[in-house]
Number of protein chains: 2
Amino acid sequence: MSWEMKSREIKQAAQSAAKASEAQRTRKPRARNAPPRANGHAAVPAATKNSDVVYRDLRNAIVSMKLVPGTPVVEKEITERYGISRTPVREAVLRLAEERLIDVVPKSGTFVARIPLSVLREAIVARRALEEVTVRAATEKASESQIMEMRAIIQRQRETAEAGSEAAFHQADDDFHAAIAAAGRLPGIWGMIQNIRIQVERYRRLTLPQPGRMATVVGEHGDVLDAIAARDADEAVRRMNSHLDKLKLDIAVFRDLWPDYFVHDGAFDADMLAD
Amino acid sequence: MSWEMKSREIKQAAQSAAKASEAQRTRKPRARNAPPRANGHAAVPAATKNSDVVYRDLRNAIVSMKLVPGTPVVEKEITERYGISRTPVREAVLRLAEERLIDVVPKSGTFVARIPLSVLREAIVARRALEEVTVRAATEKASESQIMEMRAIIQRQRETAEAGSEAAFHQADDDFHAAIAAAGRLPGIWGMIQNIRIQVERYRRLTLPQPGRMATVVGEHGDVLDAIAARDADEAVRRMNSHLDKLKLDIAVFRDLWPDYFVHDGAFDADMLAD
DNA sequence: CGGAAATAACTAGTATACAAGATATATTTG
DNA sequence: CAAATATATCTTGTATACTAGTTATTTCCG
């Protein structure tokens with residue numbers, strides 16, 4: 001069940017050596033000042049590159065804790081697994097480094113990053129603030145059809161919870177929060193929340209094996225939606241906050257259970273749990 | 001005064017062809033499982049790479065509107081300017097593409113991205129939400145010395161405003177908001193705010209030539225700090241919000257003045273200004 | 001046998017060469 | 001002369017080769 005299972009062989013472009021004979025070039029170069037499209041480049045599906053595949057696989061492996069913090073990430077190894085060159089692999093690694101999921105030590109090695117406790121704490125705070133905005137906007141602006149959509153998502157999540165399908169459950173969880181942002185006409189903020197969530201996701205995976213947690217989540221989502229449907233913004237925000245707060249109960253416990261997975265960087269202090 | 005002035009010549013590594021003779025290798029490879037450092041890799045200043053230089057210069061040129069939206073960004077051109085190869089240039093371009101400051105059209109060209117109106121609107125909303133968190137935390141936790149520090153920053157900003165030094169003024173502006181986040185023990189959230197700010201910064205530059213604006217900003221900062229010093233969180237948040245709201249008065253006007261600089265993507269609708 | 005210096009092998013960073021596709025210019029054709 | 005076609009030459013994406021720095025191992029010396 002290692003993450004290598006997910007990596008498909010990427011078709012490697014055959015490198016034929018036939019090079020065009022170099023005819024004399026007497027033509028003057030053109031201007032090429034035209035921007036791509038006036039409307040805003042959403043027509044083409046933006047062909048998925050090899051580096052995107054590597055990025056997605058690596059990212060999934062890291063946030064799902066299949067690659068635990070401290071694991072070396074060797075470019076050459078990935079290169080061979082996918083049958084591609086270092087360039088796209090390196091591209092993916094650099095993207096992950098910018099998201100602080102990977103640490104690159106120059107001329108030495110790259111490793112799956114440890115979870116910084118300070119980032120963890122601030123990410124939870126920031127997410128609360130942004131979810132509050134989306135919930136409030138959704139309460140104000142959600143159409144009836146959007147509320148029905150969200151009820152459908154919750155029902156789907158209930159079904160996946162009963163079936164015990166973890167991946168589908170997480171997907172439905174994502175969809176619910178995204179639907180709230182969409183109902184509030186703030187889809188971009190959902191994107192920001194997702195970026196923040198990455199930082200917390202690995203910690204959340206460590207806390208997963210709580211029995212009955214999935215059913216609890218479904219219930220809390222229902223509570224939030226009820227308040228939105230009743231157009232009670234303050235209550236909706238309160239319920240969303242209490243939903244999100246379930247996460248940070250026992251950071252200290254898990255930090256002590258897996259000390260190697262966390263790093264205690266500067267801005268972390270004792271009031272992390274008191275907040 | 002073009003942005004090329006800022007690009008310094010980067011020392012190019014001389015490429016001597018002397019390759020070590022390949023002696024027979026009978027040694028078995030080592031393990032190399034050790035993570036970089038147990039404490040968290042903050043010792044080394046992380047030597048600034050060539051790609052970092054290109055990234056910073058390009059980014060500055062874009063957010064300062066020296067490179068206006070739609071301008072082609074040709075890798076080869078940058079390559080020649082800095083005397084380096086395409087690899088680090090490409091690295092910088094890709095980073096900027098992820099920040100949505102650059103649009104890369106595969107096999108065709110890359111261009112300075114237009115400012116998406118929907119992102120603009122949501123970025124302003126998100127920033128308000130996060131600044132509210134930091135202001136509230138600062139009101140609660142700021143030490144006296146930190147408040148004095150912030151007064152000093154405001155005074156410095158007043159001096160730069162009187163001197164008309166725009167760059168120093170912006171720096172002091174940054175420092176003030178950063179100091180608030182630091183006082184609230186939420187430095188990471190300031191980082192998030194900065195990322196969001198990039199999306200708005202270019203629009204802000206278009207609105208700059210408002211006479212007396214700098215003095216107004218200094219005054220508003222002082223008002224916010226007064227409320228923090230008085231430990232009146234609600235008032236501090238109110239003043240910060242009114243400070244930030246100065247930005248979004250007339251988006252429609254500027255969109256009509258420079259239609260080519262903006263792009264009207266999906267999630268934008270008329271209530272953008274009504275909010 | 002223990003510790004320090006030498007050395008080999010690995011790492012990321014960079015340079016360069018080529019491939020695949022897109023776009024503007026040149027050419028042909030009605 | 002206009003429109004369609006052809007072609008040259010851009011562009012980014014990828015592969016490969018090499019450099020410089022780091023780390024583990026070996027070797028040498030006491």
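The sequence lines fix the lettering, A, B, ..., with proteins before strands; numbering per chain opens at 1. Computed from a prediction, not measured in an experiment: that's the story for all the values here.
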Short side-chain N/O contact to [N] OP1/OP2 from [X], under 4.0 Å:
X: A/R90; N: C/dG13; result: yes
X: A/K107; N: C/dG13; result: no
X: B/S108; N: D/dT11; result: no
X: B/S85; N: C/dA15; result: yes
X: A/T110; N: C/dA12; result: yes

Atom [atom1] of [X] to atom [atom2] of [N]: distance rounded to whole Å?
X: B/D52; N: C/dA12; atom1: CG; atom2: P; answer: 17 Å
X: B/E77; N: D/dT12; atom1: CD; atom2: C1'; answer: 15 Å
X: A/I102; N: C/dT11; atom1: CD1; atom2: C1'; answer: 15 Å
X: B/E80; N: D/dC10; atom1: CD; atom2: P; answer: 11 Å
X: B/R86; N: D/dA15; atom1: CZ; atom2: P; answer: 14 Å
X: B/E75; N: C/dT14; atom1: CD; atom2: C1'; answer: 14 Å
X: A/E91; N: D/dT12; atom1: CD; atom2: P; answer: 13 Å
X: A/N50; N: D/dT14; atom1: CG; atom2: P; answer: 5 Å

Using a strict 4.0 Å threshold on nitrogen-to-oxygen distance, state whether [X] and [Y] make a salt bridge.
X: A/R204; Y: A/E201; result: yes
X: A/R185; Y: B/E122; result: no
X: A/D57; Y: A/R81; result: no
X: B/R197; Y: B/D174; result: yes

> Passes side chain to side chain donor-acceptor pair (under 3.5 Å), A/E99 versus A/Y55? Steps please.
Replying inline: CA-CA 11 Å; A/E99 297 181 27; A/Y55 167 79; 2.3 Å; yes

> Looking at C/dT14, D/dA15, C/dA12, which one has an atom nearest to any side-chain atom of A/P88?
Replying inline: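 Nearest to the side chain of A/P88 among the choices is D/dA15.
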
>> Counting the atoms with a prime plus P, OP1 and OP2 as sugar-phosphate, which does B/V73 contact under 4.0 Å by heavy atoms, base, sugar-phosphate, or nothing?
In response: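 Here B/V73 touches the backbone only, sparing every base.
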
> Which part of the nucleic acid, if any, lies within contact of A/S51, taking any heavy atom under 4.0 Å across all strands shown: a base, the sugar-phosphate backbone alone, or nothing?
Replying inline: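 Answer is nothing: A/S51 stays at 4.0 Å or more from every strand.
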
